[in-house]
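Before any comments, here is the structure.
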Amino acid sequence: MVLGMISVDRWAEGSQVYFLTHLHADHTAGLSSRWKKGPLFCSSITAKLFSPKFPGFDLSLLRVLEIGQWYSLSLVSLWSGLETRVEVIAIDANHCPGAVMYLFRGDFGNMLYTGDFRWEVASKITEMGKNMLLSALNNHKVDTLYIDNTYCNPSYSFPSRDVAAQQVVNIINSYPEHDIIIGIDSLGKEELLLYISNTLKVKDKDQKECMQLMQIWVWPERLQTMHILGLHDNFTTKTTLTRIRAVPRYSFSIETLQGLNTMRPTIGIMPSGLPWALNKNKSSCGLPSMKTETIDLDTGNRYRNKVEKQHEYIYTVAYSDHSCFTDIVDFVKFICPTHMKGIVSSSSSYVDPCYHLRHIYGTSSLYGKYMAEEDRESGKGKCKSDERLKRKRIKQYHSSLHKSRVSLLRRFKCGVKLD
DNA sequence: GCGATCAGGT
DNA sequence: CACACCTGATCGC
């Protein structure tokens with residue numbers, strides 16, 4: 001057993017080596033330009049994006065891991081004081097540029113830390129990840145799986161990002177004369193923007209389609225990120241060139257859209273796994289009605305009701321860089337870990353991130369208590385007191401998801417010290 | 001004045 | 001229900 005040697009997405013003192021899965025802010029809390037607590041391992045894309053985010057960072061600390069390649073580290077066991085070897089391999093997490101999962105193996109067995117990930121069954125990257133994991137594990141079990149449980153709840157389902165991207169294009173095409181605002185973060189959703197840019201046609205002054213590329217406006221820092229990622233043609237910071245603009249999510253609001261609409265007809269599109277993103281504080285907006293209206297802009301029949309017109313000017317599309325529930329189920333079935341822990345403690349499935357996965361688990365000790373409770377109930381039959389007990393348990397479960405608890409846990413959200 | 005942390009918002 | 005991450009308040013230095 002190894003103690004306190006490795007930290008993943010956790011930047012406090014006390015580890016010999018540190019691993020970064022990707023550059024989103026909730027995974028870099030505690031990391032700064034002057035941080036120097038040890039070697040920092042990350043993917044090559046993350047390394048390229050690192051300097052603009054942490055200017056002045058001592059780059060000699062960075063250790064770039066190529067995807068799909070084993071690396072061997074020599075660490076000191078805090079138990080015995082003896083040298084021990086840990087091997088690690090990075091696998092594309094299909095989340096945002098540079099995002100990887102890490103599979104560690106050593107005296108402690110195999111540990112897989114997914115970071116944030118999207119396990120799209122039909123995706124090429126998922127297929128590659130599958131093959132890499134199969135050959136890396138070489139028939140060995142994953143002893144502990146640390147999994148992105150953001151949407152580990154059956155109520156979260158969304159289409160593949162290909163389908164969602166087409167939904168976004170369909171919305172844009174249904175507003176040919178409108179300006180379009182898309183809410184994005186400082187990293188991620190590049191594939192969506194590229195799809196939009198490459199699919200849409202620019203019209204000339206006679207309203208005829210011309211060969212010109214439909215560029216998308218982004219703010220200057222975001223353009224720099226695009227350039228680092230090797231995307232030079234599809235993006236611009238010149239507002240006059242395009243009717244489509246990607247803006248920071250925090251500046252995407254009903255008020256913003258209302259303001260823009262006083263000047264030009266504008267539609268906002270929020271690509272997010274959370275379709276209720278704008279439902280908060282309805283009354284405080286002073287708007288007469290925010291009735292959610294569902295429209296059918298799908299390409300197929302499988303995913304209905306995922307494009308929502310939330311507001312006169314705003315659509316949300318279930319374009320998610322996290323695994324939805326069925327993705328998670330598929331992944332866990334594939335990995336079959338002995339133990340499993342969620343890495344997102346503020347998720348709606350915080351209480352037991354894997355509660356909803358108990359049925360694909362069988363005898364695993366971690367989920368024994370849920371299985372036992374359920375067996376006990378089904379054994380007793382459905383008398384009134386059992387129904388009450390069941391309702392009480394469901395109520396307890398739901399009340400434990402209450403917001404105050406979530407906000408309390410926010411700051412401990414991501415990262416782990418692998419003991 | 002600076003960074004780290006937290007609360008509260010989009 | 002909470003994505004990622006911004007602003008602003010507060011605290012210790």
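Every chain is numbered from 1 and lettered A, B, ... according to where its sequence line falls, protein lines coming before strand lines.
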For the side chain of [X], counting heavy atoms from C-beta on, which of [options] is nearest?
X        : options              : result
A:Arg34  : B:dG3, C:dC5, C:dA4  : B:dG3
A:Tyr156 : C:dC1, C:dA4, B:dA4  : C:dC1
A:Ser186 : B:dT10, C:dA4, C:dC5 : C:dC5
A:Asp116 : B:dA4, C:dA4, B:dT10 : C:dA4

Rounded to whole angstrom units, what separation is found between the [atom1] atom of [X] and the [atom2] atom of [N]?
X        : N      : atom1 : atom2 : answer
A:Tyr250 : C:dG8  : OH    : C1'   : 14 Å
A:Phe158 : C:dA2  : CZ    : P     : 14 Å
A:Leu187 : C:dC5  : CG    : C1'   : 13 Å
A:Lys37  : B:dA4  : NZ    : C1'   : 11 Å
A:Asp26  : C:dC6  : CG    : P     : 11 Å
A:Asn149 : C:dA2  : CG    : P     : 11 Å
A:Gln258 : B:dT10 : CD    : C1'   : 14 Å
A:Phe252 : C:dA4  : CZ    : C1'   : 15 Å

Ring centres under 6.0 angstrom apart (A:Trp217, A:Phe235): no

Stacked cation flag A:Arg245 on A:Trp219, 6.0 angstrom / 45 deg: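 A:Arg245 over A:Trp219 ring: no.
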
Plane angle bin for A:Tyr151 and A:Phe158 - parallel if under 30°, tilted between 30 and 60°, otherwise perpendicular: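 Rings of A:Phe158 and A:Tyr151: perpendicular, over 60°.
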
side-chain N/O A:His322 vs C:dA4 OP1/OP2, d < 4.0 Å: yes

Residue pair A:Ser160 / A:Asp162, side-chain donor-acceptor N/O under 3.5 Å: no

